[in-house]
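Working notes, beginning with the structure itself.
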2 protein chains.
Amino acid sequence: MTVRPVAQALRDAGLRPTRQRLSVLQSLRDRPDAVTAQDLHAELRGAGASIGLTTVYRTLTALADAGLLDVFTRDSEQAFRRCGTVHHHHLVCETCNKVEELSAAEVEDWVHHAADRHGFEVTGHRADIFGICSECR
Amino acid sequence: MTVRPVAQALRDAGLRPTRQRLSVLQSLRDRPDAVTAQDLHAELRGAGASIGLTTVYRTLTALADAGLLDVFTRDSEQAFRRCGTVHHHHLVCETCNKVEELSAAEVEDWVHHAADRHGFEVTGHRADIFGICSECR
DNA sequence: GCGCCAGTTGATAATGATTGTCAAGAGCAT
DNA sequence: ATGCTCTTGACAATCATTATCAACTGGCGC
Ligand SMILES: [Zn+2]
Ligand SMILES: [Zn+2]
Ligand SMILES: [Zn+2]
Ligand SMILES: [Zn+2]
């Protein structure tokens, strides 16, 4: 019941729903924070799962390429998070790494106006807010 | 004449204006793009300057810490650019790495409203637009 | 149910950017 | 000039990430 949609998400991404991939996507779906490949590997191992570090890296990268995960750069390492598939921005807690997804029409407008004004063809944009969440204060 | 203000900027940052630091800051002041430590080192060497890679790394990091440079993450490496000291955002060309500085009141408003709405205490934010500049098209 | 085979895994080695080390060198105040 | 502290740079060490490649597995055809 809880594994079904996860397996389907993998299939849709052209990835076989293996035990390892399921455990990665599974553990990612219920957490609100962004996590590092190294950290996730340690947690999965600590929870008794059998999975190699290389596989965690590969799975996270594949899922990110498929658009299922968003990538954050934290202290020169990459952290991943299961985010919605529609365009959004982020509000990130620098203490617990929790991420809130935000939509912002004013930002989208700004992006296009600014790019037009400078003769740029937009290929993408990113707008993230960093702070401390109420629980961490 | 052209070296005077650069030397002063270094002093203001609590750094001795050495030959190496001057050449780094100097070469950064007239370029519109963000550059990597490795690339800058190669360019300086190619231009006949004598400077070690370690020093380039250290200088760029020190200048960034002092607020004189902005840091960009490009393909998991750091690129630096001499930006203005007042808060701004970026319009980055993904082909030539040229950067335009942008100010955006609507973004600033969004930042504070969104953070308030979610009970976050803001520590910072970043809003960058990626695209292709008119010259690169 | 079984065999096949392309897709996956994971221990290990390799990569490559960045940082640590430390002896030699260079600002700058006296 | 002298001294003292800050700086440099060749070199070694880190460390996250990626490449290898032989062993393993999911799922389709039989
Ligand atoms: Zn928090
Ligand atoms: Zn947006
Ligand atoms: Zn360009
Ligand atoms: Zn801003």
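As a basis for the values below, the full set of heavy atoms in this structure was taken, side chains included, without hydrogen atoms, waters or symmetry mates. Reminder, nothing fancy here: chain letters follow the sequence lines and each chain counts from 1.
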Taking OP1 and OP2 of [N], is either one under 4.0 Å from a side-chain nitrogen or oxygen of [X]?
X	N	value
Ser76(B)	dA17(C)	no
Tyr57(A)	dT17(D)	yes
Thr18(A)	dG26(D)	no
Arg11(B)	dC6(D)	no

In whole Å, I'd like the distance from the [atom1] atom of [X] to the [atom2] atom of [N].
X	N	atom1	atom2	answer
Gln20(A)	dC24(D)	CD	C1'	10 Å
Leu63(A)	dT8(C)	CG	P	12 Å
His41(A)	dA11(C)	NE2	C1'	11 Å
Leu60(B)	dA17(C)	CG	P	15 Å
Gln8(A)	dG26(D)	CD	C1'	15 Å
Arg74(B)	dG16(C)	CZ	P	18 Å
Leu44(A)	dT9(C)	CG	P	13 Å
Arg21(B)	dG27(C)	CZ	P	11 Å

Sugar-phosphate only, base, or nothing, as touched by [X] at under 4.0 Å among non-hydrogen atoms:
X	result
Arg58(B)	base
Thr54(B)	base
Thr59(B)	nothing

Does any donor atom in the side chain of His89(A) or Glu108(A) lie under 3.5 Å from an acceptor atom in the other side chain?
->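 Yes, side-chain donor-acceptor contact under 3.5 Å.
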Would you mind telling me which residue lines up with the more 5' stretch of DNA chain C, Pro17(B) or Ala37(B), judged by nearest nucleotide?
->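 That would be Ala37(B).
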Within the 6.0 Å centroid threshold, strictly below: His112(B) and His125(B) =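 No, ring centres 6.0 Å or more apart.
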With the side chain counted from C-beta on, respond yes when Ile129(A) and Leu102(A) share a heavy-atom pair under 4.5 Å apart, and no when they do not.
->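 Yes, their side chains come closer than 4.5 Å.
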Could you check Leu15(B) against Arg45(B) and say which one's nearest nucleotide on DNA chain D is further toward the 5' end?
->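 The residue whose closest nucleotide sits nearer the 5' end is Leu15(B).
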Taking for each residue the nucleotide of DNA chain D with the nearest heavy atom, is it Gln78(A) or Arg19(B) whose nucleotide lies nearer the 5' end?
->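 With Gln78(A) and Arg19(B) compared, the 5'-side residue is Arg19(B).
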Minimum-distance nucleotide (side-chain atoms of Glu77(B) versus dG7(C), dT18(C), dT17(D)) =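 Closest nucleotide among those given: dT18(C).
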Can you figure out which of dG9(D), dA6(C), dA17(C) approaches the side chain of Ile51(B) most closely?
->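 When the side chain of Ile51(B) is considered, dG9(D) is the closest of dG9(D), dA6(C), dA17(C).
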Taking Arg21(A) for the side chain and Arg16(A) for the main chain, is one N or O donor matched with an acceptor at less than 3.5 Å?
->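 Side chain of Arg21(A) to backbone of Arg16(A), a donor-acceptor pair under 3.5 Å: yes, one is there.
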Do Trp110(A) and Val92(B) share a hydrophobic cluster, counting only Ile, Leu, Val, Met, Phe, Trp and Tyr and linking them when any side-chain heavy atoms are less than 4.5 Å apart?
->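 Shared cluster, no.
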